[in-house]
Amino acid sequence: MTFKYFDKPEIFVGLRELETICDTCGQNKLCYDAELFYGSDDLTSICPDCLASGLLVERDAFTCSGDIQNLKKQLKLQNPDLAYNQIQEIANNKTVELEKTTPHLVTWQDWSWPCADGDYCKFIGYGSKPLYKELAKGEPVEEFFRNSFYDTTLYNEELWTGSVPDKPIKNYNDSNQYGTLFYVFKSLNSDKIVTVWDCN
Ligand SMILES: [Zn+2]
C-alpha cells in the first residue's frame, strides 16, 4: 500500500499487532490505530485500504492538519494568473487528500504538515545524522540540515550536535527512544528536504 504523502507507514507508524474490526469496512484486518485521529468521530481502527481509498472523507475525522495558508501562497506564486477561488479550490482538494488519506504520524506536539513547491510534502523518515548525510549528497551536512528547517525561527546551533541522533532511526519503536525528534519530509516536485522538529 503506498500513500502520496507518507513513505513506508508500515515501518514509521506500524499497524496494530493483532487483527481488529476496521471501523469503516467492518472486516477483521490488520489496522492502523485510529484513536489519535482528530475530529468528532471516534474511530478505533481503520485498515490501510479504507484509509487509502478515502473512506474518512465523509466522516468528521482527519489524521493531520495541513499548512494550507502557506500552500495557498506557494500556489499563487506558481500560478499568478489563477483567481483566488481557483487557488482556494486546488488547496482545499490537496488538503482533504492529505488530511483524510494519510496515515497518522505520531508526534510529540501538534504542528501543521509542511508544504513545498505547491503541494504537501511526503514524510520520509525520522532525522538522524546518517540520514541527513545521505540526503545532503556531499553538501556540508550541517548547512544542509539548517537549510531544511521549515520554520527557520525554530533552528538553533545546538540541535545538530546536541539532539540529532548519531544512529539511524529505523522504525516507530526506535523513534520512541527519543524525547526530541526531527521529522524529515521531501517535496513531491523537487529534491527539497524539509525538517520539522519537536520534543516531549
Ligand atoms: Zn477497512
Side-chain angles (χ1 to χ4, degrees), residues 1-72 75 88-127 131 150 168-178 181-189 194-196 198 200:
M1 183 70 48
T2 58
F3 292 89
K4 185 172 174 184
Y5 298 116
F6 204 128
D7 196 28
K8 303 190 188 80
E10 66 283 1
I11 293 172
F12 294 128
V13 284
L15 296 160
R16 288 185 181 279
E17 278 175 27
L18 300 173
E19 291 192 343
T20 47
I21 303 287
C22 167
D23 285 332
T24 59
C25 68
Q27 292 180 51
N28 208 28
K29 293 171 85 170
L30 285 177
C31 290
Y32 290 116
D33 180 343
E35 287 175 35
L36 291 173
F37 288 8
Y38 307 101
S40 64
D41 272 11
D42 280 332
L43 299 173
T44 307
S45 302
I46 186 168
C47 72
D49 293 309
C50 285
L51 180 63
S53 59
L55 289 187
L56 287 189
V57 173
E58 300 305 318
R59 309 182 72 133
D60 183 20
F62 49 102
T63 67
C64 62
S65 174
D67 185 2
I68 191 168
Q69 297 311 330
N70 261 325
L71 180 65
K72 284 193 242 177
L75 287 164
Q88 183 103 335
E89 195 186 333
I90 300 170
N92 284 346
N93 288 341
K94 287 184 185 299
T95 302
V96 169
E97 187 175 3
L98 170 77
E99 296 180 353
K100 304 268 190 181
T101 69
T102 302
H104 174 66
L105 178 62
V106 182
T107 58
W108 288 117
Q109 310 296 334
D110 288 337
W111 36 262
S112 300
W113 197 279
C115 53
D117 308 311
D119 205 341
Y120 288 109
C121 298
K122 177 183 254 193
F123 174 74
I124 60 166
Y126 300 100
L131 178 64
Y150 192 57
I169 300 182
K170 293 203 177 86
N171 53 42
Y172 178 64
N173 278 345
D174 263 11
S175 79
N176 282 327
Q177 314 298 315
Y178 297 91
L181 283 169
F182 299 84
Y183 308 89
V184 183
F185 296 82
K186 186 174 181 300
S187 168
L188 294 185
N189 299 315
V194 169
T195 295
V196 175
D198 67 9
N200 64 355

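Every value quoted in this text rests on a predicted model; they were computed, and no experiment measured them. Numbering of ligands and ligand atoms starts at 1, following listing order.
Contact annotation: the side chain of Val196 approaches that of Pro114 to within less than 4.5 Å [non-hydrogen atoms, C-beta and beyond]. Taking the side chain as every heavy atom from C-beta outward, Phe12 and Tyr172 never approach each other to under 4.5 Å.
When all heavy atoms of Phe6 and Phe123 are compared, the pair lying nearest together is CE2-CD2, 3.4 Å.
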- Message: Before you tell me yes or no, could you show the steps for Lys94 and Glu89 under salt bridge (charged side-chain N to carboxylate O under 4.0 Å, His left out), namely the whole-Å CA-CA distance, both residues' side-chain angles and the distance that decides it to 0.1 Å?
- Response: CA-CA 9 Å; Lys94 287 184 185 299; Glu89 195 186 333; over 6 Å; no
- Show your working on salt bridge (charged side-chain N to carboxylate O under 4.0 Å, His left out) between Asp7 and Lys186 and close with a plain yes or no. CA-CA 10 Å; Asp7 196 28; Lys186 186 174 181 300; over 6 Å; no
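Classified by interplanar angle (parallel below 30°, tilted 30° to 60°, perpendicular above 60°), the ring pair Tyr183/Trp111 is tilted.
Excluding waters, the set of protein N, O or S atoms lying under 2.8 Å from the Zn ion (ligand 1) comprises Cys22 SG, Cys25 SG, Cys47 SG, Cys50 SG.
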